[in-house]
Structures are given as C-alpha cells and as structure tokens.
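So that the names make sense, note that chain A is the first sequence line, chain B the second, and so on, each numbered from 1.
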Amino acid sequence: MTYAEERERNIARNRQLFVDLDIDRLRPKYEPKENTRKKVAAKKRRSPSPESDGCDEPPKKILRIPDDGNALGGARRSSRLAGRTVDYKREQDRGVPEPITVNRSRKLKVGEVKSKRTYDPHMYGHIPDVEVGTWWATRQDCSNASIHAPWVSGIAPGPNGAYSIALSGGYDDDIDDGYAFTFTGSGGRDLRGTKTAPKNLRTAPQSSDQSFEDRNNAALKRSVETQKPVRVIRGFKGKGKSKYAPSEGYRYDGLYVVKKAWIEKGLNKEGFLVCKFAFVRLAEQPAIPVNDGGDDSDVADE
DNA sequence: GGGCCCGCAGGG
DNA sequence: CCCTGCGGGCCC
C-alpha cells in the first residue's frame, strides 16, 4: 500500500470514528473568515517590546487557581468546598491571593511577577481575561499568556488530564474539522541522534513506537476519563492540511474534551505505533475562523 | 529551501 | 544535575 493510500485509509477510519461517536451533529453552521487584519497588526516580531496585539493586559496579581476542581470556565468546585458553588474569579476580585510556585525552586510573593504570566497555566479550563480567538505570533507568547506553557511540546500534562495542547499539523493522517479533530501523541522520536552523529534536537521524525507510558500521552488518556476541558491552540504549520489553521502564528480556539484514546499504526514506512486521540469542542464558544488558503494550493502532497 | 543549535518550561 | 519536547532564529 502506498503512503497516499494508507493516509486515505487512516483518514477514512477517523471519519468513521467521528460518526460512531455521534459528534458529527455538533458541526457548527457558521464559519467566519479569518480576519487577516490581525496578523498585519502583529507583524512586528523580533522587537523586544512585550506587546502582542492588545490581548494580554499587563500582569498585576499572580494568583493560583486550584486545579482540583471541575474547571469549566469560571465556576469551580473542590473537594474541600463540595456542595458549595465558588466563583474564584470573584474571589480574586476580593483580593485573597495565594502565592504561586512557578519554578518550584522558590515561592513568589504575592504581586511578584515571574516572566510575564498573570495566571498559573497549571489549571483546567479558560485562563481569565484570555478570549477565545486570541492570537499570538509565537509559542513563547502563548506560554506567557498561560494558555499553553511549553515552548516546544505539544502537550501540557496534568494530574487529571492535559491542561492544553497545540495543533501544528505534524501528522498527515490527522483530520481537523474545527469543532472536532484527531490528534497524535508525543514520543517515539530520536532527539539525540546517534553516537557517531549526535544531535540536540527539539523535534525529529518518528523512530520508535509511542505508548501510553509516555507522560503526555497518559495525561490525554486520563482526559478521556475525567472529561476535563483541554485548552487548544492551532498553529500556522497546520495550514494546507486544515482550513482551520491560522495563516500565521498561534490562535486560542477554546476548550475541547477528549472523547477517545487509542493506539494505531502510524503513517510512517516503518509502521511505528502512535497514540491517537479524538477531540470534540465544547458548545457555546465563538466560531472558529476559517482560512481560505488564498495562496496555497498544495494540498495534494505525497 | 534545509541544517544546525540554542533557550525555555516542566519534570525526575 | 539530568532528560524531553509537532520552536525559532540564524546561516548557508
């Protein structure tokens, strides 16, 4: 079977999975066009000025929001407060800030600012004050906004599921329908090269099996059990494969839940296994803008 | 375009 | 200290 044939087969299987999971009915009716004005406004990178495009306020207080609650947006529960409804955002307004440990090496005092973060990224659900659709030029900016902490890694793992993931179109047989997509796990890459040709890479081609032993993959599998919301950013590298990928930079597309986790043979000639996950977007969020392509026509790559 | 090498976040 | 990880800048 050729690569293209296998790719088509995998994609067809994933589409059938969406039918079986009965998520196709969640497809939104309206799909606004991507606002290209944004990327012009934020074209200036390289400049050391910390502004992105007006989406992040200057940090004031650093607060920790407990990650043990059922975090869906603002209202959360914790076991200590079982039976009560607690709005932590309002609690913050009343100003009862707790210290946050960013580096684990030292505690920050209230009001002290480490990097540019206002909120701890180790929490489930939305980050306060960051709207769905917010755009950043780089992964570093996403990290500073607490939406997706790792600069490189596509998965931010937590004890009760992944906090966030980054969609970058790195796997050819993943499908992206906007409101739902499949996602491939991490691991199985040789980042250090060989003894004779050592390397110090951050990404590399698949060279071994992935598994749920991997911390990142395990977290996403756990997300299936807990159904905790996962923040999703889409990156420009997915364009050409997905019309929902931004033409530039990275965009926060809101909260999804992981419906299913499984292992299958990956789309590589060696047949290494990969971990796959099916994501579905939570309802009542702003529509995802589509990228008309405009310039690229190379969808038929082999 | 590709190759290289780096910083950083996070965890062990 | 060590390691990993669908970045990114630079040079060619």
Can you list everything that forms a side chain to side chain donor-acceptor pair (under 3.5 Å) with A:Y252? Sequence neighbours excluded, please.
A:H126
DNA chain C nearest-nucleotide lookup for A:L191 and A:F236: closer to the 5′ end is A:L191
Expressed as a whole number of angstroms, how long is the span from A:N200:CG to C:dC3:P?
10 Å
Nearest whole angstrom, please: distance from the C1' of C:dC6 to the CD of A:Q210.
10 Å
If you draw a 6.0 Å radius around CD in A:E8, do more than 12 non-hydrogen atoms from other residues or ligands fall strictly inside?
yes
Testing the basics here: between A:Y244 and A:I288, what is the closest heavy-atom pair and its distance to 0.1 Å?
CD2-CG2, 4.0 Å
Could you tell me how far apart A:N144 (CG) and B:dC8 (C1') are, to the nearest whole angstrom?
10 Å
A:T184 and side chain to side chain donor-acceptor pair (under 3.5 Å): which partner among A:Q210, A:E264, A:K276?
A:K276
Judged by each residue's nearest nucleotide on DNA chain B, which is more toward the 5′ side, A:G158 or A:V152?
A:V152
Look at the side-chain N and O atoms of A:Y250 and state whether any lies under 4.0 Å from the OP1 or OP2 oxygen of C:dG8.
yes
Looking at the side chain of A:R189, which of B:dG10, C:dT4, C:dC6 is the nearest nucleotide?
C:dC6
Reckon A:R117 has a side-chain N or O less than 4.0 Å from the OP1 or OP2 of B:dG10?
yes
A:D190 CG to C:dT4 P: how many Å, rounded?
9 Å
Could you tell me whether the phosphate oxygens of B:dA9, OP1 or OP2, come under 4.0 Å of any side-chain nitrogen or oxygen in A:S153?
no
In terms of side-chain heavy atoms of A:T138, which of B:dG11, B:dA9, C:dG8 is nearest?
C:dG8
Output the rounded distance in Å from CG (A:N217) to P (C:dG5).
9 Å
Pairing partner of C:dC6, by Watson-Crick or G-U wobble and under 3.5 Å for both distances, is none
Look at all strands and tell whether A:G169 reaches a base, only sugar-phosphate, or nothing, counting heavy atoms closer than 4.0 Å.
base
Please confirm whether A:F181 and A:Y256 have ring centers closer than 6.0 angstrom.
yes
Whole angstrom value for the distance that separates P of C:dC6 from CZ of A:F272:
17 Å
Looking at the side chain of A:K237, which of C:dG5, B:dA9, C:dG7 is the nearest nucleotide?
C:dG7
C:dC10 and B:dC8: how far apart are their P atoms, nearest whole angstrom?
15 Å
A:V230, A:V258, A:T182, A:D174 screened by side-chain contact (heavy atoms from CB on, under 4.5 Å) with A:F277, the one that passes
A:V258
N/O (side chain, A:R215) to phosphate O (OP1/OP2, C:dT4) under 4.0 Å:
no
Closest to the A:H122 side chain: C:dG8, C:dC6, B:dG10?
B:dG10
note: A:R192, atom CZ; C:dC3, atom P; distance rounded to Å ~ 5 Å
Measure from the side chain of A:D174, starting at C-beta and using heavy atoms only, and say which of C:dC6, C:dC3, B:dG10 lies closest.
C:dC6
Counting only side-chain heavy atoms from C-beta out, which of C:dG5, C:dG7, B:dC4 sits nearest to A:K199?
B:dC4
Grab the CG-C1' distance between A:L201 and C:dG5 for me, whole Å please.
11 Å
Between B:dC6 and C:dC1, how many Å separate the two P atoms, rounded to a whole number?
15 Å
